[in-house]
Amino acid sequence: MAAKLQPVRGTQDIWGEDARRFSWVVDVFRSISSRYSFKEIHTPIFEFTDVFARTLGETSDVVSKEMYTFEDRGGESLTLRPEYTAGIARAYMSEGMQQFGVSKLASWGPMFRYERPQKGRFRQFHQLDAEIIGAPEPEADVEIIAMAHQLLMELGVGGDVTLHLNSLGDKESRDNYRQALVKYFSKHKDKLSEDSLVRLDKNPLRILDSKDKGDQALLADAPSYADYLNEASVEFFTRVQLGLTALGIPFTLDPTLVRGLDYYCHTSFEFITTALGAQGTVIGGGRYDGLMEQMGGKPTAGIGWAAGIERLSMLLADLPQVERPISVIALGEDATILGSVAAYYIRLTGRTVDMAFKGNLKKRMQRANKLNASHAVIIGDDEIEKGIAVIKNLDSGEQQEVAIEEIVEKIVPET
RNA sequence: GCGGGCGUAGCUCAACUGGUUAGAGUACCGGCUUGUGAUGCCGGGGGUUGGGGGUUCAAGUCCCCUCGCUCGCCCCA
């Protein structure tokens, strides 16, 4: 056990400047998702273990070694959510959202994965999530990718990130390709890396993005995904690309981009940066038309993405200025009461007010300065006697005396 | 889960080849005319040098274990 009071490995306290970055990312996301007509949804952070185990694929790394799974006091096996989609799909069915036709859902919150922490990789991390459920059309893919792109642009990180795009095709295409791949690599088992030998058995598609030199040499002659997409899959993918091009959203075709979770098909995409070392994926997503059926529901199309809030936060260049407060400086008991009242009424107008509780005038002026206050309202014994307050403009240094009843009406228009 | 690097005050760092009470800047608190924000000057609190064990007359400095961070693999957001 840790001797000091420290957060659990892979978790962190988010405060100060980090908290500002975090909130800014969430604020921009909520603004954009609302403009794209998404509705916010919040699902529990834990679910029955089956919700994740059955949908993500028993052999996936997430399920086999990264989930926080525990038995509750009633003997149920529960799991802290390691990703968003399965839980939202479950909610979609639990709440009977089929009745609404297409559902566009947005969410944000914590995820949990037992991984070895690294820069941009935590055990509790936070994601933004967007899902369009019930829309099998490629235009849905275009819209949701456009939304991700816009998020990056509005956050000001767009320039550092490139969109990688691939198609896994429909189930038929995917199965055919997988077979071809297994057949090819089985002939070259002796040359495959240790990791890829395991992949060959568990998830052969993953060999495609291996970083091993030997594997990459083999890949040069491996069957190409594009040759195994059937006509419908090719047509679908073409429409996605046309749509993105029409919107002027640049992308790179990346045939090695295969996603690790079982439920993906057709469009697969990642926004990748080189600024975060090995954890370069900032937004990742794809289509999952088979998921609902896999969970025991009716066949329902779906597409979505998730973004790492911490990763986005690390890429932010500038943050918007915090709103400048008004500092109320009240000296003495009587003045303090008046000051509280003034602060209260100024806040009712929507302005931010800071009031220090102690210190002489100099100290409080210093505090006002550190907070970047626009004005100070000074009330002391002298002012009370005259029934006034002093309003000081902290940029110009000008002071004016106003009647105590007029503080609010004098200061608000000015700021 | 595998391999490498690092770990000194809130933050950024110092302390020659192991050698006396571990320093500085910054931040914080207070003072320099008891009612006005800069700079400056003075003072203060704050570290069992991540933790534990070992070697040594002597360890922040060497060795081992452990915790944490970090880089790569893996995985992914």
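Values reported hereafter were calculated over all heavy atoms of this structure, with side chains retained and with hydrogens, waters and symmetry mates removed. In the text below, chain A, chain B and the rest are named by the order of the sequence lines, each starting its count at 1.
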Q. To the nearest angstrom, how far is A/D382 atom CG from B/U36 atom C1'?
A. 13 Å
Q) If you take atom types as modelled and just measure distance, does the side chain of A/R9 reach the base of B/C67 with a donor-acceptor pair under 3.5 Å? A) no
Q.
Can you check the distance between B/G72 and B/C11, where both ends of the measurement are the C1' atom (answer in whole Å)?
A. 29 Å
Q | P spacing across the pair B/G43 / B/U56, given as an integer number of angstrom | A | 44 Å
Q) Can a donor-acceptor pair under 3.5 Å be found between the side-chain atoms of A/K392 and the base atoms of B/U36? A) yes
Q) How long is the line joining CE of A/M314 and P of B/A77, in whole Å? A) 15 Å
Q: Can you tell me the pairing partner of B/U33 across any strand shown, Watson-Crick or G-U wobble, with both distances under 3.5 angstrom?
A: none
(Q) Using atom P in both nucleotides, what's the gap between B/G3 and B/G46 to the nearest angstrom? (A) 42 Å
Q. Should A/R351 and A/E323 count as an ion pair when the cut-off is N to O under 4.0 Å?
A. yes
**Q.** Between B/G47 and B/A58 - P atom distance, rounded Å
**A.** 26 Å
Q. With a non-hydrogen cut-off below 4.0 angstrom, is A/G332 in contact with a base, only sugar-phosphate, or nothing?
A. nothing
(Q) Less than 4.5 Å apart, side chain to side chain, heavy atoms only: is that true for A/Y225 and A/R174? (A) yes
Q) To the nearest Å, how far apart are A/Q279 CD and B/C73 C1'? A) 11 Å
(Q) Please determine whether any donor N or O and acceptor N or O are separated by less than 3.5 Å between the side chain of A/E115 and the base of B/G1. (A) no
**Q.** Donor-acceptor pair (no angle test) under 3.5 Å: A/R364 side chain, B/G35 base
**A.** no
Q) Given atom CG of A/D212 and atom P of B/C75, what is their separation to the nearest angstrom? A) 12 Å
**Q.** Nearest-angstrom distance, C1' atom, B/U26 to B/C63
**A.** 36 Å
Q) Considering only side-chain heavy atoms of A/E383, which listed nucleotide, B/G37, B/C73, B/G35, is closest? A) B/G35
Q: Rounded to the nearest angstrom, tell me the gap between atom CZ in A/F269 and atom P in B/A77.
A: 11 Å
Q) Just checking A/E83: base, sugar-phosphate only, or nothing, at a heavy-atom cut-off of under 4.0 Å? A) nothing
Q) Side chains of A/Q124 and A/T11: donor-acceptor distance under 3.5 Å anywhere? A) no
Q) Taking only N and O in the side chain of A/R199, is any of them less than 4.0 Å away from OP1 or OP2 of B/C74? A) yes
Q.
Using only modelled atom types and a 3.5 angstrom limit, is any donor from either the side chain of A/R206 or the base of B/C74 paired with an acceptor on the other?
A. no
Q) Taking N and O atoms by type only, does the side chain of A/Q366 place a donor or acceptor under 3.5 Å from a partner on the base of B/U36? A) no
Q. Within the structure shown, what part of the strands sits under 4.0 Å from A/G280 by heavy-atom distance: base, sugar-phosphate, or nothing?
A. nothing
Q. How do A/S396 and A/D209 order along RNA chain B: which one's closest nucleotide is nearer the 5' end?
A. A/S396
**Q.** Nearest-angstrom distance from the residue atom CE of A/M67 to C1' of B/C75
**A.** 15 Å
Q: For A/L315 and B/A77, give me the distance from atom CG to atom P, rounded to whole Å.
A: 16 Å
Q | Length of the CZ-C1' vector between A/R324 and B/G37, whole Å | A | 12 Å
(Q) Can you tell me the base-pairing partner of B/C28? Count Watson-Crick or G-U wobble geometry only, both distances below 3.5 Å, and say none if there is no partner. (A) B/G44
Q) With rounding to whole Å, what would you report as the distance between B/C75 and B/C6 at their C1' atoms? A) 24 Å
Q: Assert yes or no for the condition that the ring centre distance of A/F22 to A/H126 is strictly below 6.0 Å.
A: yes
Q.
Does the structure show a Watson-Crick or G-U wobble partner for B/G72, both distances under 3.5 Å? Name it, or say none.
A. B/C2
Q | Side-chain heavy atoms of A/R35 within contact of A/M147, under 4.5 Å | A | no
(Q) Under 4.0 Å, heavy atoms only, any strand: does A/E17 hit a base, just the sugar-phosphate, or nothing? (A) nothing
Q. Going by an N to O cut-off under 4.0 Å, is there a salt bridge joining A/D354 and A/R367?
A. yes
Q: Determine which nucleotide pairs with B/U17, using a 3.5 Å limit on both distances of a Watson-Crick or G-U wobble pair.
A: none
List, one per line, each side-chain donor-acceptor pair under 3.5 Å for residues 177-190 of chain A, sequence neighbours excluded.
{"unit_1": "A/Y177", "atom_1": "OH", "unit_2": "A/P223", "atom_2": "O", "d": "3.0"}
{"unit_1": "A/Y184", "atom_1": "OH", "unit_2": "A/L218", "atom_2": "O", "d": "2.6"}
{"unit_1": "A/S186", "atom_1": "OG", "unit_2": "A/V182", "atom_2": "O", "d": "2.5"}

Q | Step-by-step ring-ring contact (aromatic ring centres under 6.0 Å, His included) determination, A/F237 to A/H266 | A | CA-CA 7 Å; A/F237 194 36; A/H266 284 297; 9.0 Å; no
**Q.** Whole-Å C1' distance, B/U21 and B/A27
**A.** 25 Å
Q: Remember a base hit wins even if backbone is also touched, and classify A/R367 as base, sugar-phosphate or nothing at under 4.0 Å, heavy atoms.
A: nothing
Q. Say you pick atom C1' in B/U66 and the same atom in B/G23; how far apart are they, in whole Å?
A. 29 Å
Q) What is the base-pairing partner of B/A59, counting Watson-Crick and G-U wobble geometry with both distances under 3.5 Å? A) none
